[in-house]
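Working notes for the structure below.
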Amino acid sequence: MKIVVVSENVSKSMSGEALLAFQFIRFMQKRDLDVELVCHERVREDLKTFWPDPTLKNVHFVKESRLQTLIWKTTGWLPYRVRDLIVNQVLHIITQIRARQVVRDLVRDKGVDVVFEPAPITPKGISCMYDVGAPVVIGPMCGGLEFPPAFRFMDSWFSRVAVRWGRVGSHFLHRIFPGKLQADALIVANGCTQKALPRGFRGKVYRVVESGVDLSQWDESPTRRESVNGTRFIYTGRFVDWKGIEYLVDAFALVAAQTDATLELVGDGELMPAIRSTVAKHCLQDRVRIHGWIKHDALPKLMGECDCMVMPSLRECGGTAMLEAMAIGMPLIGTAWAGPKNYINSTCGLLVEPSSPKAFVDGLAAAMIQMARSPQQRWDMGRAAQERVRQDFFDWDAKTERIIEILQEVVDRRMREN
């Protein structure tokens, strides 16, 4: 089976969708599958660090256009969510239009059996992979989320209106660029994502979560901590409002007053100055360590030295960091909403209801204090987390195997129909 993977960004140094695409390609190559890649030129140098053939002869780059550069430079004033959900989609469509011609040429000239598009993961995202001469599989997708009702205020009125009309506009764009409507298969992470798919799609829907963990890198036995003090909590992710990091720091101030716990913050983003200010306000400089971004290869060592991961996200579809923590036997504390709620159950962690900002802060603090005072519970939940991460295609080996099964099924079905 000859596969063309279409993903604007493919990288092991970037986070999010770029890392997901990288893992799919990596595990497909481990199976000696014949893979061609169509991606953006911005990842050329990164690809050279892991692509088996240093000449990149099976990689086909789409260059940035002047129009895309102009759009990006002139929309920097927009709110983050508007820029992320609307402006980025416009830029993506321009890249997709150019990538579509590359894919059509590959199908015609190299006998491609199937086109696989793992990103973007948003169900509302536009795909131009239609009428390319081969069956198309899109996903796994994840999205269609809102903030919990008590936190809807976090979206400005401008963002809410813009996003609402953006979603209405996407309905018409899917008719102009009907990649998802005509795709042979659509892979979704959950029921919420499936409901967010564009109306009128015809492909078969499969269910596979989009996040994953490489157990060969993260599979370790948990270290039992006997002390009830000195518990080390860790957060990894972007410093943005919807990740809930501000609420986490406020909650930790309550934890620090009652325990000897410490908090490790790994990441960066627009809220970095505000987080530093909050840490100083609570006089937590000696209890909260802000690391900034850490290379993904170096993260296992730090996480292996910690006792519990806290994921206070308020609009999180997936959660690769949670799966990585589970793989090394770490219990979790998360928001009882969307991604964390889908991954964390009562055997491997504690969930905090986002019923109001104050209740959320108090709930996070109570959960962390409970974990800090219960080394046996941390141990038991850590072992359960290691068991859970081996279920539901959470690990990349099993996930890639399932995707290959879907691709083959789609190819076989198209051959029967023809």
Side-chain angles (χ1 to χ4, degrees), residues 1-10 17 20-40 43 47 51-53 56-62 92-123 125-141 173-188 197-198 200-206 208 210 399-418:
M1 183 167 57
K2 190 173 184 63
I3 305 167
V4 169
V5 177
V6 182
S7 181
E8 187 167 328
N9 295 315
V10 180
E17 298 175 6
L20 298 182
F22 159 72
Q23 294 286 30
F24 274 124
I25 290 174
R26 176 175 168 235
F27 278 84
M28 285 180 176
Q29 289 174 336
K30 286 174 64 175
R31 289 162 170 79
D32 294 324
L33 289 173
D34 191 352
V35 178
E36 303 270 342
L37 170 63
V38 178
C39 61
H40 195 280
V43 298
L47 280 173
W51 196 265
D53 180 1
L56 303 180
K57 68 177 182 180
N58 291 333
V59 182
H60 311 272
F61 295 102
V62 177
H92 172 69
I93 290 172
I94 297 172
T95 299
Q96 278 265 310
I97 291 172
R98 304 172 77 184
R100 177 172 178 256
Q101 186 57 55
V102 176
V103 171
R104 296 183 71 180
D105 292 343
L106 287 172
V107 172
R108 182 191 64 230
D109 300 336
K110 295 196 173 185
V112 169
D113 296 298
V114 62
V115 177
F116 175 48
E117 187 175 22
I121 65 172
T122 170
I126 305 301
S127 172
C128 295
M129 298 302 118
Y130 61 94
D131 294 337
V132 294
V136 176
V137 177
I138 300 175
M141 291 173 278
L173 285 173
H174 281 296
R175 271 64 192 168
I176 300 172
F177 308 106
K180 284 186 176 166
L181 301 184
Q182 296 185 15
D184 295 76
L186 299 169
I187 309 171
V188 299
L197 289 172
F201 67 86
R202 70 182 188 188
K204 183 176 179 178
V205 176
Y206 295 84
V208 181
E210 93 292 356
K399 185 191 303 295
T400 303
E401 197 64 41
R402 178 59 183 139
I403 294 298
I404 293 171
E405 289 176 357
I406 293 171
L407 296 178
Q408 189 64 62
E409 182 178 322
V410 167
V411 170
D412 293 344
R413 186 164 63 241
R414 174 66 72 89
M415 290 180 65
R416 289 195 301 269
E417 291 173 355
N418 292 339

**OP:** Decide yes or no on side-chain contact (heavy atoms from CB on, under 4.5 Å) for V10 and V5, but give the supporting numbers first.
**Re:** CA-CA 10 Å; V10 180; V5 177; 5.8 Å; no
**OP:** Let me see the working for E409 and K204 under side-chain contact (heavy atoms from CB on, under 4.5 Å), right down to the final yes or no.
**Re:** CA-CA 11 Å; E409 182 178 322; K204 183 176 179 178; 3.1 Å; yes
**OP:** Show your working on side-chain contact (heavy atoms from CB on, under 4.5 Å) between L181 and R175 and close with a plain yes or no.
**Re:** CA-CA 8 Å; L181 301 184; R175 271 64 192 168; 4.1 Å; yes
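The salt bridge (charged side-chain N to carboxylate O under 4.0 Å, His left out) check on K30 picks up nothing, with sequence neighbours excluded. Scanning for ring pair (Phe, Tyr, Trp, His ring centres under 6.0 Å) contacts around F22 gives F50, with sequence neighbours left out. Residues that satisfy the side-chain contact (heavy atoms from CB on, under 4.5 Å) test with R31, not counting sequence neighbours, are F27, L33, D397, T400, E401, I404. Partners of D412 according to the salt bridge (charged side-chain N to carboxylate O under 4.0 Å, His left out) rule, which considers only residues two or more places apart in sequence or in another chain, do not exist here. Annotation: ring pair (Phe, Tyr, Trp, His ring centres under 6.0 Å) contacts of F116 (sequence neighbours excluded): F24. Taking V62 as the reference, V38, T95, R98, A99 meet the side-chain contact (heavy atoms from CB on, under 4.5 Å) condition, with sequence neighbours excluded. For D53, the side-chain contact (heavy atoms from CB on, under 4.5 Å) criterion is met by W51, T55, K57, not counting sequence neighbours. Shown here are the side chain to side chain donor-acceptor pair (under 3.5 Å) partners of Q182, two or more places apart in sequence or in another chain: there are none. For the salt bridge (charged side-chain N to carboxylate O under 4.0 Å, His left out) test, no residue two or more places apart in sequence or in another chain qualifies with R104. For E405, the salt bridge (charged side-chain N to carboxylate O under 4.0 Å, His left out) partners are R402, not counting sequence neighbours.
Applying the salt bridge (charged side-chain N to carboxylate O under 4.0 Å, His left out) test to every pair with at least one member in residues 178-187, sequence neighbours left out, gives these pairs: D184-R414.
Between L173 and I126, the closest heavy-atom pair is CB-CD1, 3.6 Å. Closest non-hydrogen pair, H60 versus V102, comes out as CB-CG1, 3.8 Å. Of all heavy-atom pairs between R202 and A183, the closest is CG-O, 4.2 Å. Among all heavy-atom pairs drawn from C39 and S7, the shortest one is CB-O, 3.1 Å. In terms of heavy atoms, V35 sits closest to N58 at O-CB, 3.8 Å. Closest of all the heavy-atom pairs between N9 and H40 is OD1-CB, 4.4 Å.
Here the CE-CG distance, from M1 to D113, works out to 7.5 Å after rounding to the nearest 0.5 Å.
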Sequence neighbours excluded and cut-off under 3.5 Å, please list the side-chain donor-acceptor pairs for residues 127-141, or say none.
from, atom 1, to, atom 2, distance (Å)
S127, OG, E117, OE1, 2.7
S127, OG, M129, N, 3.2

